[in-house]
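To keep things clear, I will list the structure first and then write my remarks on it.
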There are 2 protein chains.
Amino acid sequence: MALAHDYTDVQHLPVPPRTDDTAAGLFRLSVSMTFAKDEEIYGQDEDADLIYRVLDGAVRTTRVMADGRRQIGDFYLAGDIFGLEAGPAHRFAAEAVRDSVILVIKASTLRSSGGDVGRLGWEATRRELERAQEHVIMLGRKTACERVASFLKDLSDKSGGLRVVDLPMGRQDIADYLGLTIETVSRMLSQLQASRIVSFCATRQFRIVNPGGLARLANQTL
Amino acid sequence: MALAHDYTDVQHLPVPPRTDDTAAGLFRLSVSMTFAKDEEIYGQDEDADLIYRVLDGAVRTTRVMADGRRQIGDFYLAGDIFGLEAGPAHRFAAEAVRDSVILVIKASTLRSSGGDVGRLGWEATRRELERAQEHVIMLGRKTACERVASFLKDLSDKSGGLRVVDLPMGRQDIADYLGLTIETVSRMLSQLQASRIVSFCATRQFRIVNPGGLARLANQTL
DNA sequence: CGGCAGCCTTGATCCGCATCAAGGCGCAGA
DNA sequence: TCTGCGCCTTGATGCGGATCAAGGCTGCCG
């Protein structure tokens, strides 16, 4: 596990670089920090008074059971907000999937804001809830093939529906997100490629060859 | 499936009967409705302008895939609030597990409220998110035995830690909540009883014989 | 350019849960 | 009380994904 962050690279940004979406408004008075690959952003059980936004890079939230079994709660890419799942304390840890730049704001600032700003926080929490519920469906009732297909499709959708998509995370992270083993993920990816649904340009970049076929395999209910 | 509710039993209640918790404050201007066992409270994809609170009975939220596979999102007992998962439309349907009385309030009333009331809605949404995330851990990384043990323990905790607990739902509902089949749920329940962890007084009522053993099997991480 | 380490793929086998099948039990209604 | 139906349990068998095992690829650093 990476060492605790030393906070030497904190910079004050009056305005975040991306201002093209509502979330940006929440982060007007924020601080930017960089995290190395696999570095912890916050720990499980840690007090939660901060909310985060990915500026560049990718983040995973994880929970590890006593015997080492790991579940990834979600992945967050550039523009995404995370850290909202906290009551008094975080129930998941957050780690950088690769070198990342993160904006940070005090949660108490947000929560005490009346009107619009408070409503934006609520909206963001509601979207998190929706994503968690989709995840429940996936883990409860989808086959390994459907899970992997859903994962690739979601990633493409998040990237604006591009045909060529980068995978920021490794196979083990995908497995721990989908509730599978790394071997099963690898086999399903090979199988999807063999069926001409997708095609891997590199280990961590694929092209969607047959979007209709992918959607059918993903078996989305909505 | 039950017929649509005919709304003939709507009554106006100036104050809900239970006023001993914060949630009650949200429902000061609400309407009470009764639903028969298995009756639909709202449908998947249905527009969402209402928020609900269980006064008496039990409710499940469900999502059905094209081929009939069903996943239950959560169960709600007396005092619980549901219907918050909606963006523009509900992503799960809600049905009465047994004859139930439900309080209903317009969501727009809540959302537009500034200050305290708005914050209570956010808090309730955040608790929903926490429950969904626990569900993700369960479905992603727990064995059948751990899932059933967790389920019984959660139910007991929700009922205030009682040793004798009623199961409002049938075995099929439990299976669809835990991502298992009804046969596996039944076998695990028999197994827990054989190991003197719990003891079934009736099909739908059990006693926790060994709380420590149950907690150990549940394998909670927090 | 060569060597090494971490990540990924592929194959063989195993096992937990699903599926298929056959009653048992309890409750409701005659 | 009897009867029937829905719900639940239990047993036998099958299969999807886990586990165990053995390399292959790729990117980094000398």
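We use all heavy atoms of the structure for the numbers below, so side chains are in, but hydrogens, waters and symmetry mates are not. Convention: sequence-line order gives letters A, B, ...; per-chain numbering from 1.
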Quiz item: To the nearest Å, how far apart are Leu167(A) CG and dC8(C) C1'?
Solution: 13 Å

Quiz item: Tyr42(A) and Tyr52(A): aromatic ring centres closer than 6.0 Å?
Solution: yes

Quiz item: In whole angstrom, what separates Gln205(B)'s CD from dC27(C)'s P?
Solution: 12 Å

Exercise. Using atom CE of Met188(B) as one end and atom P of dG11(D) as the other, report the distance to the nearest whole Å.
Key: 13 Å

Practice problem: Establish, with yes or no, whether the OP1 or OP2 oxygen of dT10(D) is under 4.0 angstrom from a side-chain nitrogen or oxygen of Ser190(B). | Solution: yes

Self-check item: Gap between atoms CD and P, on Gln193(B) and dT10(D) respectively (whole Å)
Solution: 9 Å

Self-check item: Proximity to the side chain of Ser186(A) - top-ranked nucleotide from dT19(D), dA18(C), dT10(C)
Solution: dT10(C)

Quiz item: Taking CD from Gln172(A) and P from dT19(D), how many angstroms apart are they, rounded to a whole number?
Solution: 11 Å

Quiz item: Counting distance only, does the side-chain N/O of Glu146(B) pair as donor-acceptor with the main-chain N or O of Thr143(B) below 3.5 Å?
Solution: yes

Self-check item: Distance-only polar pair, side chains of His90(B) and Glu85(B), donor-acceptor under 3.5 Å
Solution: yes

Practice problem: Rounded off to whole Å, could you give me the CZ-to-C1' distance for the Arg204(A) and dT26(D) pair? | Solution: 11 Å

Exercise. Could you state the atom-to-atom distance from CG of Asp176(A) to P of dC8(C) in whole Å?
Key: 12 Å

Quiz item: Between the base of dT19(C) and the side chain of Arg187(B), is there any donor-acceptor pair under 3.5 Å?
Solution: yes

Quiz item: More 5' along DNA chain C: Arg171(A) or Arg141(A), using each one's nearest nucleotide?
Solution: Arg171(A)

Practice problem: Could you please name the option among dC17(C), dG17(D), dT10(D) that lies closest to any side-chain atom of Thr184(B)? | Solution: dC17(C)

Practice problem: Measure from the side-chain N and O atoms of Arg63(B) to the backbone N and O of Phe92(B), and report whether any donor-acceptor pair falls under 3.5 Å. | Solution: no

Exercise. Can you figure out which of dT9(D), dG17(D), dC8(C) approaches the side chain of Ile182(A) most closely?
Key: dC8(C)

Practice problem: Check whether any side-chain nitrogen or oxygen of Arg147(B) sits under 4.0 Å from OP1 or OP2 of dC17(C), and answer yes or no. | Solution: no

Exercise. Classify the nucleic acid contact of Thr203(B) as base, sugar-phosphate or nothing, counting any heavy atom under 4.0 Å across all strands shown.
Key: sugar-phosphate

Quiz item: Hey, does the side-chain of Glu183(B) have a donor or acceptor N/O within less than 3.5 Å of a partner on the base of dC20(C)?
Solution: yes

Quiz item: Would you say the side-chain atoms of Ser156(A) pair up with the backbone N or O of Asp154(A), donor to acceptor, closer than 3.5 Å?
Solution: no

Practice problem: Give the rounded distance in Å between these two atoms: CG of Leu189(B) and P of dT9(D). | Solution: 6 Å

Quiz item: Taking the side chain of Leu180(B) as heavy atoms from C-beta outward, which of dC17(C), dC8(D), dT9(C) is closest to it?
Solution: dC17(C)

